[in-house]
Colleague: 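Before I ask anything, let me first share the structure, which is written out below as structure tokens.
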Amino acid sequence: PAALPVAHQPMLLLAVTDFVANSAAFTYFTAGALRRNISSNMLPRRFPLQLRTKSLGTFSPRLQELYPDQPMELHLSARRQPLLSCRPDALHGALFGSAEAFVVLPNATRLPAFLLNIDANVTGKPTITKNRVGGTVKLTG
């Protein structure tokens, strides 16, 4: 038997199929792992949009009138399982989410403010630079 050539450079081989990607998406969705709650104190002060009624008053002036400068929470979740497809150059996905905003009253009660359903098509491309694996995500629709 012939000896296999010795690789002089570190290598990483990663193979993902549509079946594996969609099975993972199904598992995460079914387990409820595609949910995230974001509160106003989780964002850095320099973040351009703060989760306060004052900041969101541009979008909903009535909200600022009723609850002046109150903190808010954003509850993000998937409404349906994401649909993923693997291509040689990128991972394409259709995401179906919702964002529900709440005003946090002084007594810690959460008052529903609005609900947005968000559907998006995204493309993710992996990148490898030296010994780092990263990637980019682009909104395509």
Side-chain angles (χ1 to χ4, degrees), residues 1-64 66-141:
L4 294 174
V6 177
H8 297 287
Q9 295 291 326
M11 292 180 58
L12 171 67
L13 176 61
L14 181 63
V16 179
T17 65
D18 290 1
F19 178 77
V20 170
N22 284 301
S23 293
F26 173 78
T27 302
Y28 279 103
F29 177 74
T30 304
L34 300 179
R35 299 173 190 259
R36 187 68 67 220
N37 294 343
I38 302 171
S39 61
S40 59
N41 62 354
M42 294 171 72
L43 298 175
R45 292 199 185 276
R46 294 184 315 202
F47 195 73
L49 181 66
Q50 291 296 310
L51 285 178
R52 299 192 69 81
T53 55
K54 183 178 181 179
S55 300
L56 296 177
T58 304
F59 305 109
S60 175
R62 185 88 171 121
L63 191 63
Q64 170 62 15
L66 294 173
Y67 309 101
D69 202 26
Q70 292 294 312
M72 296 186 72
E73 279 187 3
L74 198 57
H75 295 192
L76 306 173
S77 63
R79 293 189 335 270
R80 290 180 26 203
Q81 169 192 336
L83 301 175
L84 306 171
S85 64
C86 301
R87 301 288 177 258
D89 64 332
L91 177 68
H92 301 279
L95 309 177
F96 311 97
S98 68
E100 189 170 10
F102 295 87
V103 176
V104 181
L105 300 176
N107 65 0
T109 302
R110 273 118 181 103
L111 181 71
F114 58 85
L115 171 67
L116 295 173
N117 287 330
I118 304 163
D119 295 344
N121 293 321
V122 296
T123 298
K125 293 187 177 189
T127 58
I128 300 175
T129 308
K130 295 185 182 177
N131 62 348
R132 292 185 177 266
V133 176
T136 59
V137 177
K138 180 180 175 185
L139 183 64
T140 55

Colleague: For Asp18 and Cys86, indicate whether the former's side chain and the latter's backbone hold a donor-acceptor pair under 3.5 Å.
Modeller: yes

Colleague: Can you name the closest pair of heavy atoms from Glu100 and Leu115 and give their distance?
Modeller: CB-CD1, 3.9 Å

Colleague: With rounding to the nearest 0.5 Å, note down the distance linking CG in Leu76 to CZ in Arg36.
Modeller: 9.0 Å

Colleague: Just to verify, what does Glu73 make a salt bridge (Lys or Arg N to Asp or Glu O under 4.0 Å) with, not counting sequence neighbours?
Modeller: Arg110

Colleague: Please give me the minimum heavy-atom distance between Gln70 and Val103, naming the atom from each residue.
Modeller: CB-CG1, 3.8 Å

Colleague: Please confirm whether the backbone N or O of Arg132 pairs with a side-chain atom of Thr129, one donor and one acceptor, at under 3.5 Å?
Modeller: no

Colleague: In chain order, what residues pass the side chain to side chain donor-acceptor pair (under 3.5 Å) check against Arg62, with sequence neighbours excluded?
Modeller: Glu65

Colleague: Report yes or no: does Ser55 contribute a side-chain atom to a donor-acceptor pair with the main-chain N or O of Leu49 at less than 3.5 Å?
Modeller: no

Colleague: So how far is it from Lys130 NZ to Ile128 CD1, rounded to the nearest 0.5 Å?
Modeller: 14.5 Å

Colleague: Kindly say whether Pro44 contributes a backbone atom to a donor-acceptor pair with the side chain of Gln50 at under 3.5 angstrom?
Modeller: yes

Colleague: Nearest 0.5 Å, please: how far is CG in Leu84 from CG in Leu95?
Modeller: 7.5 Å

Colleague: Spell out, as yes or no, whether a donor-acceptor pair under 3.5 Å connects the side chain of Ser40 to the backbone of Pro71.
Modeller: no

Colleague: With sequence neighbours left out, write down each residue that passes salt bridge (Lys or Arg N to Asp or Glu O under 4.0 Å) with Arg79, or none if nothing qualifies.
Modeller: Asp119

Colleague: Could you note down all residue pairs passing ring-ring contact (aromatic ring centres under 6.0 Å, His included) where residues 23-44 supplies at least one of them, sequence neighbours left out?
Modeller: none

Colleague: Can you tell me how far apart CG (Asp69) and CD (Gln64) are? Round to the nearest 0.5 Å.
Modeller: 6.5 Å

Colleague: Can you tell me which residue pairs pass the ring-ring contact (aromatic ring centres under 6.0 Å, His included) test with a partner in residues 69-108, sequence neighbours excluded?
Modeller: His75-Phe102

Colleague: Calculate, to the nearest 0.5 Å, the distance between atoms OG1 and CG belonging to Thr140 and Asn121 respectively.
Modeller: 5.0 Å

Colleague: Looking at every non-hydrogen atom in both residues, tell me the closest pair between Leu34 and Ala25 and how far apart they are.
Modeller: CD1-O, 4.3 Å

Colleague: Restricting to non-hydrogen atoms, name the atom on Thr53 and the atom on Pro68 that form the minimum distance, rounded to 0.1 Å.
Modeller: OG1-C, 3.7 Å

Colleague: Which pair of non-hydrogen atoms, one from Ser85 and one from Leu91, has the smallest distance, and what is that distance?
Modeller: O-CD1, 3.5 Å

Colleague: Check salt bridge (Lys or Arg N to Asp or Glu O under 4.0 Å) between Asp89 and all other residues, then give those that pass, not counting sequence neighbours.
Modeller: none

Colleague: To the nearest 0.5 Å, tell me how far Leu51 CG sits from Leu43 CG.
Modeller: 5.0 Å

Colleague: Is the backbone of Leu116 close enough, under 3.5 Å, to the side chain of Ser98 for a donor and an acceptor to pair up by distance?
Modeller: no

Colleague: Measure the shortest side-chain to side-chain distance between Leu63 and Met72 over non-hydrogen atoms and say whether it is less than 4.5 angstrom.
Modeller: yes

Colleague: Can you see which heavy atom on Leu139 is nearest to which on Ala120, and at what distance?
Modeller: CD1-CB, 3.6 Å

